[in-house]
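Scroll down for the structure; my scribbles are underneath it.
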Amino acid sequence: MNFLSLSFMQPFLLWGLIALPVIWWLLRLTPPRPQAETFPPLKILARVMKREETPHKSPWWLTLLRLLLAGLVILALADPVLNPREKAASGNAALAIVMDNGWASAPDWDERVATAARLIADARADNQPVVLALTAEEQNQEIGPYDADTALERLNAAQPRPVPVNRPAIYGRVAGALENLPGAAVAILSDGLSSPGDEAAFNTLFSTGAGEVLWASPERLSLIAATDAKNNANAFEITATRASGDNAPRQVVAFASDDRGRRVAETPITFGPGETRATGEMRVPFELRNDFVSVGIEGESQAAAVRVLDENARRRRIGLLSQSEADQALPLLSPLYYIKRALSPFADLIEPSSLELTEAVPELLEQKPAVIVMADVGTLPDTARRAVVDWVNGGGTLVRFAGPRLAAAENDEDLLPVRLRLGERSLGGSLSWTEPQPVAEFPANGPFSDIAPPRDVVVNRQVLAEPSPDTVERSWANLADGTPLVTGVRRGEGQIVLFHVTPEATWSTLPISGSFVEMLRRIVQLSRNQSTAASEANAEGGRTLAPYRMISASGLLVPPSSEAEPLAAGSAAVTLKNPPGLYGSEEGVVAHNLLPPDAELAPLARPQAPAPMTTLSYGFDEQTPLKGPLFAAALLLLALDTLAVLWLGGGLRRKPRRTTATVSLLLVALALAFTAPDRVNAQQPGAQQPGAQQSRGQQSERSGEMEAIEAISKTRIAYVVTGLSSLDATTRAGIDGLSRFLAAKTALEPGDPAGVDIATDELSFYPLIYWPIDPEAPMPSEEAIARIDAYMQAGGTVLFDTRDQYDTGFGSGSTSPSNQRLREILAGLNVPALEPVPEDHVLTKSFFIMPEFPGRYRGSPLWVEASLNAPAQTDRPVRVGDGVTPIMITGNDFAGAWAIGADGQPLLPTVPNDPLQRLYALRAGVNIMMYMLTGNYKSDQVHVPVLLERLGQ
């Protein structure tokens, strides 16, 4: 029964309203109880003269109050609902929900889940089986049919994925399941974006004879994706794409982040009316541009809005060196002309102001280039030669081109990859061909292995390499007769590459081919230490790259999950096994992005279904049951009625104690009525009543005040309360043991250990929070993890202890339950790059000299934030760096080694049982606390001798 936006689930009970006149008549004939007077005669006589009557009927206002109370009870029993909704599908044999959970569904995922939950609730009411399939999961996923409760559990466990949807495969699975459920209703909850094979997928799904089709799609596609990022000569260019149906003008902000997640640059991107592609430029120095690790679109919480960068997006400074002046009249004959044209789009080129090698070489090296290209440079002066050799051994890449000068020069083994024959080989000479030689297939062991050999390139002249056992190994490109065209070799940390032809089109047509550009680009990539991962993977053919940092469905860079697998060389597909992100290691990474540069976001066309189609809208359930509020209002009126009867009967004036107790009981009942939780919708599990929130807020405020007073009086070490009594007791005993050791060995006298609930307690009072990981403990909520993330970003440190070193520990590829739980927690945090504590880290010297950090177990490294921008220096005792690490991870069970009983004796044995190991564990705790409280002060101890000298000591 409906009245506009109000519906009654039990409308027949409204017939009870007919009884209200009878109730009125009965109430009017039932006056309040007469006042009872005590016997004292004088008091009675004193009041005899007062004319006082007791009514024989109830007052009109009391009768009206009772009628209203009765009416509220009748309405409440009729179960009214505000903004009721109708069932989307009813009378079908079953319900099949096909739900997109790819990257485009992440921004409004909660609304999609709420819509699906409403459909499952309707299926429960009709006792229908439910088929639930997600289009971004593996094809062999379980899809049912399930009962409604099981389907709802699986729906709540589902999550968006940072990968494209696979509708053809999943729709085929659903069609197979519906063959045994003829006449089922099919609900398609799409993300609104088209994908390859959609038409065939819908035809397969509808071929089962669906009884009804429910279609849900976003009303407006407002997604914006970052499809390309280029590090141009003067600026970093970001290209963004939006759906073709979004025609209104729009402006967004694109930003770039470094390896620590800090935003270092941003730029607006403006879409004109009807434009689907726009670009923005960040005009910052190329040194800063080379620090970009990722770019993203502000306000877009989905994976396509983030694009990770590898060495291909970083520009390098390249020095150009030639001993001949450029002929302005004949620029095509200049030794550096084609080199400049090939390198300028992706590198910053520098040239010396002088052709004198003794001046030119130092001038180039002062600008710290990554690559130096020498175009037909013969012999270097000794001072310049030694500087170039040292530069190569230190990590530089030297690219040399042949020419008359190099062909006539003596062999310099330190600056050549192979030994050369004197003189050059030319067409018609003593070492001549009968015809020009083409380029052969590039060797599989070289960096050009995945480049197609140029079929139109021919070579007329070259410098020859002396035959030797390692010539084949060092050959990166060969001619058809087997002679080397390009050779290369590593020298120290750097490498030397030699093109056996000139850089201009006199000895060959290679400089005027497209392959020349790609070959130079590949060599420049090799010059970057981090790019060796991709190059070596391509060179070794079959080698894979381990997942390093992944892009989550919400567009954050997170550690890889257990589902991520190594990426095969040359693989371009984004799948659940190879999600978007960075693959490799700290030595080098490869960017594996979600969308290609030419990607377009096209709206999904609504299919033609053979069955009736109903349109649904995404959103939360807005219907509100009114039974609870009506009963609460009736209880309030009942309380007022009771007070009125007490007042009319004189009870409020003559028996204060009993009256006070009665009023108190009524107030308590009234408070319970208003604070009792009402029924919560399945789509809004976090809904709470205002009274409960206020009560908890007051309690939290009082607790926070006491905690703040206690926290500022003494330094306290905090630990996370996991809810497991034995673990929490051991952790508290461990923190207590460490506190006593600190008081005995240092000037610090910590307060009592502080057990904190990360979801509610204030965390900023504590410099260090110890978090023991146990898979049996409840998984923290997203809000709690967000509070931990904010605590770490604000300068606090969390020490995670998986206590599983006995099972291999963190960082070793372990799949222990504790390690898996830690990865789930870290997936919601902005975790910086980590490394085991280096030998020169401040932690190793902050109080005790500690080469390792054992606990109950030993062998697991203590992981801290990587000091990527703080290179070790020989004149300092420790590595220089600012601040302290926001995260530490170990598997050695520190608290277990620190734990002591009431008698001061250790509670748990070490493994192995060694008293010195416990002492070292306590010293490790002291170093950690000293590091947390003092930071990197040890890095400045190098100045102590100078200060003492100034003081005359």
Side-chain angles (χ1 to χ4, degrees), residues 7 9 79 81 83-102 105-106 108-138 141-161 165 167 170-171 173-192 205-206 208 210-218 609 611-625 678-687:
S7 176
M9 308 305 294
D79 197 6
V81 176
N83 298 321
R85 62 175 177 84
E86 296 182 359
K87 292 184 179 179
S90 60
N92 298 288
L95 173 66
I97 299 177
V98 189
M99 186 174 179
D100 287 344
N101 67 323
S105 63
D108 55 353
W109 176 250
D110 291 340
E111 295 183 7
R112 298 170 189 270
V113 172
T115 304
R118 290 201 303 272
L119 296 174
I120 294 175
D122 294 341
R124 179 192 291 108
D126 294 339
N127 198 25
Q128 296 175 351
V130 179
V131 173
L132 178 62
L134 303 172
T135 58
E137 302 292 338
E138 295 290 351
Q141 64 176 304
E142 292 291 335
I143 63 173
Y146 309 107
D147 59 79
D149 293 333
T150 303
L152 186 59
E153 291 178 0
R154 296 184 69 88
L155 174 65
N156 292 331
Q159 58 183 351
R161 301 285 196 166
V165 297
R167 293 193 183 105
I170 304 304
Y171 283 17
R173 284 287 314 281
V174 175
L178 293 181
E179 290 180 355
N180 300 324
L181 299 170
V186 178
I188 302 174
L189 277 59
S190 72
D191 57 17
L205 183 62
F206 295 149
T208 58
E212 185 178 1
V213 177
L214 306 176
W215 175 263
S217 182
M613 180 176 289
T614 303
T615 302
L616 302 179
S617 297
Y618 288 128
F620 295 102
D621 195 352
E622 296 181 355
Q623 74 174 15
T624 304
D678 197 1
R679 182 173 64 187
V680 180
N681 293 334
Q683 297 85 346
Q684 297 172 330

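Residues take their numbers from the sequence shown, with the count starting at 1. All values reported here derive from a predicted model rather than from experimental measurement.
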_side-chain contact (heavy atoms from CB on, under 4.5 Å) between L205 and I188, worked out_ = CA-CA 10 Å; L205 183 62; I188 302 174; 3.9 Å; yes

*Given V130 and D147, is the side-chain contact (heavy atoms from CB on, under 4.5 Å) satisfied, shown in steps?*
CA-CA 6 Å; V130 179; D147 59 79; over 6 Å; no

*Passes side-chain contact (heavy atoms from CB on, under 4.5 Å), L616 versus W215? Steps please.*
CA-CA 6 Å; L616 302 179; W215 175 263; over 6 Å; no

*Derivation of the side-chain contact (heavy atoms from CB on, under 4.5 Å) call for I97 and I120*: CA-CA 9 Å; I97 299 177; I120 294 175; 3.7 Å; yes

*asked:* Checking D100 against S190 for the side-chain hydrogen bond (donor to acceptor under 3.5 Å, both in side chains) test, could you report, in this order, the C-alpha distance in whole Å, the side-chain angles of both residues, the deciding distance, and whether it holds?
replied: CA-CA 5 Å; D100 287 344; S190 72; 4.7 Å; no

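Considering all non-hydrogen atoms of both residues, P160 and G102 come closest at CB-O, 4.3 Å. Closest approach of L155 and A117 over heavy atoms only: CD2-N, 3.6 Å. Looking at every heavy atom in both residues, A216 comes nearest to Y618 through O-OH, 3.4 Å.
Using a 4.5 Å cut-off on side-chain heavy atoms (C-beta onward), V131 and L95 make no contact. Residues P129 and Y146 have side chains not in contact (no heavy-atom distance under 4.5 Å, counting atoms from C-beta outward). In this structure, the side chains of I170 and E137 stay at 4.5 Å or more apart for every pair of heavy atoms. Side-chain atoms of L132 and I143, non-hydrogen and from C-beta on, never get closer than 4.5 Å to each other.
At a threshold of 4.0 Å, the pair R167-D191 counts as salt-bridged, since one of the basic side-chain nitrogens sits closer than that to a carboxylate oxygen. Salt bridge status for R112 with D108: present, with a side-chain N to carboxylate O gap under 4.0 Å.
A donor-acceptor pair under 3.5 Å is absent between the side-chain atoms of E212 and the main chain of V186, judged by distance alone. Side-chain atoms of R154 do not come within 3.5 Å of backbone N or O of G144 as any donor-acceptor pair. Looking at T115, its side chain never comes within 3.5 Å of a backbone N or O of L189 through a donor-acceptor pair.
Atom CZ of R161 is separated from atom OG1 of T135 by 11.5 Å, given to the nearest 0.5 angstrom.
Residues meeting the salt bridge (charged side-chain N to carboxylate O under 4.0 Å, His left out) test with R124, sequence neighbours left out: D149.
There is no side-chain donor-acceptor pair under 3.5 Å between N101 and Q159.
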